Amino acid sequence: MTRMQPDYSVYLVTDRTLCVSGTLEDVVARAVQGGVTMVQLREKQLCTREFVELGRALRALLAPRGVPLLVNDRVDVALACGADGVHIGQSDIRYADARRLMGAGAVIGVSVESVEQAAEAERCGADYMGVSPVFATPTKTDTSAPWGLEGLRGLRRRFSLPLVAIGGIGPDNAAEVFEAGADGIAVVSAICASPDPQQAAATLRAVARGKRRAA
Ligand code: TZP
Ligand code: MG
């Protein structure tokens, strides 16, 4: 099976608790209209049943629009809702186990907080690295030290795997993140907490179109 090659450029990571303009489904629908290229369902406080149900609802919204859906942390939820893949961190299921369970066609991203973890993500065959966090962010405070733009540049020099930067990214700094070598920006609050998720997504997509490094 050939794996899809996602467009990582504007990657929405969800947080229902930050949505101010409507339900999460509303926010995701508007963000897709604005141009997000990928969505990750990341809901730490939902019970498993609700997590799967929300995943199914988002899958029904995104699949006809050709926007991939990944699930954070949980392979079982991803399989149950028919998601395109999973995003895993360093204390989640191991990449090899996720791959075995999800199959060859799934997209699997791995968060990396050090150069050693980045090397391991590339070696084991992950589809992309989540560069986490690139900047400090109030949305997630239990992170390791931010990579900063210099750290991101260093990863770009050493690795060819797609780099998705996350943490503290918004319209004011997205361009410099792309210039430092990111293939995509993953954002939570810049879209979820915006009163106008469509406009917020469109602004980030315009930056991505202008700045993304040549493939
Ligand atoms: N992982 C590293 S930082 C982060 C996650 C999930 C949160 C990013 O949120 P925001 O609001 O885009 O800074
Ligand atoms: Mg995780």
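What you are looking at is a predicted structure, and each value in this text was computed from that prediction instead of being measured. First listed ligand is number 1; within each ligand, the first listed atom is number 1.
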Residue selection (non-hydrogen contact nearest atom 7 (C) of ligand 1) among His87, Lys140, Glu113: Lys140

Going by atom types only, do [X] and [Y] share a side-chain donor-acceptor pair under 3.5 Å?
X	Y	result
Glu43	Thr14	yes
Arg74	Thr48	yes
Ser9	Asp7	yes

From the list Tyr8, Phe159, Tyr95, ring-ring contact (aromatic ring centres under 6.0 Å, His included) with Tyr128 holds only for Tyr8

Non-hydrogen atoms of Val13 versus ligand 1: any pair closer than 4.0 Å? no

Can you name the N/O/S atom of Asp73 that is nearest the Mg ion (ligand 2)? OD1

Minimum-distance atom from the Mg ion (ligand 2) among N, O or S atoms of Asp92: OD2

Heavy-atom contacts under 4.0 Å between Thr139 and ligand 1: side chain, backbone, both, or neither? side chain

Counting heavy atoms only, which part of Ser132 comes closer than 4.0 Å to ligand 1: side chain, backbone, both or neither? side chain

Closest non-hydrogen protein atom to atom 12 (O) of ligand 1, residue and atom name please, with distance? Val188 N, 2.9 Å

For Thr137, atoms of ligand 1 separated by under 4.0 Å from a heavy atom: 3 (S), 9 (O), 10 (P), 11 (O), 13 (O)

Judging by distance only, is a nitrogen or oxygen of Ala186 under 3.5 angstrom from one on ligand 1? no

Polar contact flag for Arg42 and ligand 1 (N/O pairs, less than 3.5 Å): no

OG1 of Thr203 to CD of Gln198, rounded to nearest 0.5 Å, is 10.5 Å

Would you mind checking if Arg99 and Asp127 are paired as a salt bridge, meaning a charged N to carboxylate O distance below 4.0 Å? yes

Trace of the salt bridge (Lys or Arg N to Asp or Glu O under 4.0 Å) decision for Asp97 with Arg94: CA-CA 5 Å; Asp97 293 319; Arg94 284 188 194 279; 5.4 Å; no

